[in-house]
Amino acid sequence: MINMQRSAPNILITGTPGVGKSLMSRMLSEKSGLVWLDVSKLAIENECLEEYDEVYQCRVLDEEKLLDGMENLMNEGGKIVDYHGAEFFPERWFDIVFVLRTDNTILYDRLKERGYSGKKLEDNIDCEIFQTILEEARTSYREEIVHELMSNNMDQLADNVKRICQWLEQWKIDNT
């Protein structure tokens with residue numbers, strides 16, 4: 001047990017950009033009543049972004065400032081954290097971690113549609129091919145709480161949400 005005081009679990013949903021984290025997090029939040037924390041939006045709202053990275057065409061995250069701002073929210077429990085990285089979040093925050101994976105051809109099309117190109121597109125596809133986020137999660141959290149889920153289409157997404165809701169029901173039984 002991570003934290004006996006929490007009345008609801010915290011879930012991390014992670015994976016390469018474009019695998020469906022935000023869509024799944026929104027759907028899961030709507031079905032479960034847990035609060036969805038989109039880390040990218042939190043970083044903007046709490047001014048946790050630093051200089052601009054020309055190569056990746058995005059601002060650099062101040063991880064420490066973000067974590068400081070999230071600490072009290074995470075201690076409450078009942079959060080779904082949606083982010084493309086896993087390693088810098090404290091293990092104590094999460095009761096379960098889901099790493100979404102997508103077929104490389106599908107992911108390529110999704111990222112191109114988002115306007116990714118050049119090194120940014122190539123590196124994200126490589127990240128998925130080499131299972132970088134999955135390995136990061138496996139080295140950052142206890143093996144038994146890290147789960148890989150395929151996210152190629154809406155049917156798989158709906159099945160994943162259903163499975164996580166079943167896990168949530170069991171968590172409530174086990175923790176009351």
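In this text, all values refer to a predicted model and were calculated from it rather than measured experimentally.
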Mind running salt bridge (charged side-chain N to carboxylate O under 4.0 Å, His left out) on Glu122 and Lys119 for me, showing each step along the way? CA-CA 5 Å; Glu122 186 180 307; Lys119 184 165 177 55; over 6 Å; no

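- Proximity of a side-chain donor or acceptor of Asn10 to a complementary backbone N or O of Asp95 within less than 3.5 Å is not detected.
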Carefully, step by step, assess Ile44 and Ser40 under the rule side chain to side chain contact (heavy atoms under 4.5 Å, CB included). CA-CA 7 Å; Ile44 293 167; Ser40 297; 5.7 Å; no

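- Remark: of the listed residues Val19, Leu149, Leu134, Leu134 is the sole one forming a side-chain contact (heavy atoms from CB on, under 4.5 Å) with Arg101.
- Using modelled atom types, one side-chain atom of Thr176 and one backbone atom of Lys172 make a donor-acceptor pair closer than 3.5 Å.
- Using a distance-only test at 3.5 Å, with no hydrogens or angles considered, no donor-acceptor pair links the side chain of Arg138 to the main chain of Val146.
- Ile106 and Leu100 are members of different hydrophobic clusters when ILVMFWY side chains are connected at heavy-atom separations under 4.5 Å.
- Under the 4.5 Å side-chain heavy-atom criterion for ILVMFWY residues, no single connected hydrophobic cluster contains both Trp36 and Met24.
- Atom CG of Asp82 sits about 14.0 Å away from atom CZ of Phe98, to the nearest 0.5 Å.
- Heavy atoms from other residues, nucleotides or ligands lying under 6.0 Å from CD of Glu76 number more than 12.
- Asn124 and Thr16 share no donor-acceptor pair across their side chains, judged by distance under 3.5 Å alone.
- Between Glu50 and Lys65, no side-chain nitrogen of the basic residue sits less than 4.0 Å from a carboxylate oxygen of the acidic one, so the salt-bridge criterion is not met.
- For the pair Arg26 and Asp38, the salt-bridge criterion is not met [side-chain N within less than 4.0 Å of a carboxylate O].
- Between Ser151 and the choices Leu23, Ile13, Thr102, Asp103, the side-chain contact (heavy atoms from CB on, under 4.5 Å) rule is met once, by Thr102.
- Residues Gln170 and Asp174 have side chains that bring a donor and an acceptor to within less than 3.5 angstrom of each other.
- Between the side chain of Asn175 and the backbone N or O of Ala8 there is no donor-acceptor pair closer than 3.5 Å.
- In this structure, Phe88 has its ring center closer than 6.0 angstrom to the ring center of Tyr83.
- No more than 12 heavy atoms of other residues, nucleotides or ligands lie within 6.0 Å of CD in Glu113, so this atom counts as exposed by the packing criterion.
- Crowding of Glu51 atom CD: a count of heavy atoms from other residues, nucleotides or ligands under 6.0 Å exceeding 12.
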